[in-house]
There are 2 protein chains.
Amino acid sequence: MTTEREFLDGYDPREFPPVAVTVDVVTLTVRDGVLHVLLVDRAQHPFAGRRALPGGFVRESETLAEAAMRELAEETGLRPGEGQLGAVHLEQLASYGDPGRDPRMRVISVAYLAFAPSLPDPRAGGDAAGAAWVPVSEAAGLAFDHDAILAAGLDRARAKLEYTPLATAFVPAEFTISELRAVYAAVWGEDLHPGNFHRKVLSVPGFVESTGETASRGGERGGPRARLYRAGDARLLHPALLRPAREDGVR
Amino acid sequence: MTTEREFLDGYDPREFPPVAVTVDVVTLTVRDGVLHVLLVDRAQHPFAGRRALPGGFVRESETLAEAAMRELAEETGLRPGEGQLGAVHLEQLASYGDPGRDPRMRVISVAYLAFAPSLPDPRAGGDAAGAAWVPVSEAAGLAFDHDAILAAGLDRARAKLEYTPLATAFVPAEFTISELRAVYAAVWGEDLHPGNFHRKVLSVPGFVESTGETASRGGERGGPRARLYRAGDARLLHPALLRPAREDGVR
DNA sequence: CCATGTTGTTCTCAGGTTGAGTATTACTCG
DNA sequence: CGAGTAATACTCAACCTGAGAACAACATGG
């Protein structure tokens, strides 16, 4: 904010230092059991040829979230929404503003985090020639400080799976328990005990609710047809689905 | 961020729209068992006479975190650090940039959250004439969108007490288990079972470590002298200290 | 200095949750 | 049709939790 006091006898004689505000979007999805992030190829000079998170300037009339949604839609053709098929969950991640993070000028970037169900390749669609889904394990050496932003997004995603029903944003509107389990496995990078996962998911009130139906066929390699569920109305998971503990304490 | 593509054939003809970037700091402390936030009085026109979070412009050569630390130091005389007496924990909270949130111009504010041990009144110190610790229950009707920022800070603080040793940032370097419990009670707004809290804190590896010593006297209203502890080296609490469940599910 | 009430610390115990393993059955593919 | 796989349901021991009680060490006010 800006107190009037600061505004008048401000420390900086200039009215305001030249700053640009941008948004960058970490968009995650699970394809074929592997966590992917949406990246674009940079053509021009700072970091030319490197990959980067999609992003751009915040326009004068839009909110930060609107700018993030616009950037996301431009790259993927998605329409972020809140409940329909193809809906995308979008939330603010953090802001990055170290002097020198962009060699051209002072740029403050507000990073957003988006979760999408499995989607077609963005190349197929609009003007986003250089956009592609990249497995997070191969997404290193990004432009600017985007490696750090991506890492923060992954941390946040992994943590939010524990205590929110966010995993349902990665699957279609109707899904099976094992599809949900595959999301957890992909994001956390470790397999989960099928029986315990099943018990846990069904015991958390409001996490999933049964459609009376059953999948039209069994798994690819066999097994019975699984029951179908849709996302419930819970916003917080109680009790939480805690991931197996790593090296505790100092970390 | 800012792709060169955007930079060149950008949507906005001007080089960059006029934007100011500020930091606002939500500084929390526990005094006499009550959670307080540091606020300043606004003298000049937008929201004159209202209270607001301390904040100000980000200077050209400093990082966002440095700007937040500077604002905090200016208002309190504190020196944020990481382990000494009077150390203050500082972390980024979120950014706020709706058009119109400041009536004068487009202002993007990066909010920070700080946790301090009980401190003397800021009035005593430097040039911060209008700064004061205010119980959070009385901190409503703040300037700009600071009510929302404060609410976000409180949410974050309450959540982080569960799975991080953050409570130790609210107490002196050496403290008793019940002083720690008083912090949880103040931040969460509910009393905790002393016996269970004791057991839990001591069972989490790295949360606290014993100094061999004992408090110099018992409680104000009686009771034995408690043992003294200092913060351990854990950064994450495993298992977490979960607060009693509220209204589950829909929330 | 004594009676009273308060508090730090340790136990106990019943109930719930967890991880790991097993059983059963319904599917797939070749 | 046979072999392998996966969805779902159980079992069981280990652990954690909330609630309560026990007890000793203290402060305070007469």
Side-chain angles (χ1 to χ4, degrees), chain A residues 32-33 161-163 171 174-186 188 190-205 207-229 236-246 248, chain B residues 33 161-163 171 174-185 188 190-205 207-229 236-246 248:
Chain A
D32 304 319
L161 283 200
E162 290 191 332
Y163 58 93
V171 292
E174 300 204 340
F175 54 87
T176 67
I177 301 287
S178 47
E179 286 173 327
L180 202 61
R181 178 162 46 84
V183 169
Y184 277 87
W188 284 350
E190 50 193 321
D191 290 331
L192 286 88
H193 182 119
N196 291 341
F197 183 83
H198 202 96
R199 176 183 60 188
K200 200 87 217 291
V201 167
L202 294 184
S203 77
V204 177
F207 190 4
V208 299
E209 61 184 38
S210 178
T211 77
E213 292 166 56
T214 320
S216 58
R217 49 155 297 164
E220 304 217 348
R221 295 194 292 273
R225 289 185 290 196
R227 291 178 209 152
L228 288 172
Y229 297 85
L236 251 28
L237 264 26
H238 251 313
L241 270 132
L242 299 177
R243 67 190 128 165
R246 303 115 288 187
D248 289 3
Chain B
L161 283 199
E162 289 191 331
Y163 58 94
V171 292
E174 300 205 339
F175 52 88
T176 67
I177 301 287
S178 48
E179 285 173 328
L180 201 61
R181 178 162 45 85
V183 169
Y184 277 87
W188 285 349
E190 50 193 322
D191 290 332
L192 285 89
H193 181 121
N196 291 341
F197 183 83
H198 204 98
R199 175 184 59 190
K200 202 85 216 291
V201 167
L202 293 185
S203 77
V204 177
F207 190 4
V208 299
E209 60 184 37
S210 178
T211 78
E213 293 164 56
T214 319
S216 58
R217 49 155 297 163
E220 303 216 348
R221 294 194 292 273
R225 288 183 292 195
R227 289 178 211 152
L228 288 171
Y229 297 84
L236 250 29
L237 266 26
H238 252 312
L241 271 132
L242 300 177
R243 65 190 130 164
R246 305 114 288 188
D248 288 4

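In what follows, every chain begins at residue 1, and chains take the letters A, B, ... in the order their sequences are listed.
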Return the value, rounded to whole Å, for the distance between atom CZ of Phe197(B) and atom P of dT17(D).
-> 13 Å

Look at the side chain of Arg199(B) and the backbone N and O of Val201(B), then say whether any donor-acceptor pair between them is shorter than 3.5 Å.
-> no

Tell me which nucleotide among dC29(C), dA6(D), dT10(C) gets nearest to the side chain of Arg217(A).
-> dC29(C)

Check the surroundings of atom CG in Asn196(A): do more than 12 heavy atoms from other residues, nucleotides or ligands lie under 6.0 Å from it?
-> yes

From dC27(C), dA19(D), dT9(C), nucleotide with atom closest to Asn196(B) side chain = dA19(D)

Closest-nucleotide ordering on DNA chain C, the 5'-leading residue of His193(A) and Arg221(A) | His193(A)

Is a donor on one side and an acceptor on the other found under 3.5 Å between the side chain of Thr211(B) and the backbone of Leu228(B)?
-> yes

Ile177(A) side chain: which of dT17(D), dT8(D), dT17(C) is closest?
-> dT8(D)

Nearest to the side chain of Pro224(A), which nucleotide is it out of dT8(D), dT6(C), dA6(D)?
-> dA6(D)

Is Arg199(A) side chain donor-acceptor paired with the dG19(C) base, going by distance under 3.5 Å alone?
-> yes

So which nucleotide from dT10(C), dC16(D), dT8(D) ends up closest to the side chain of Arg227(B)?
-> dT10(C)

Whole-Å distance, Leu192(A) CG to dG19(C) P, equals 9 Å

Are any of the side-chain heavy atoms of Leu180(B) and Tyr229(B) separated by less than 4.5 Å?
-> no

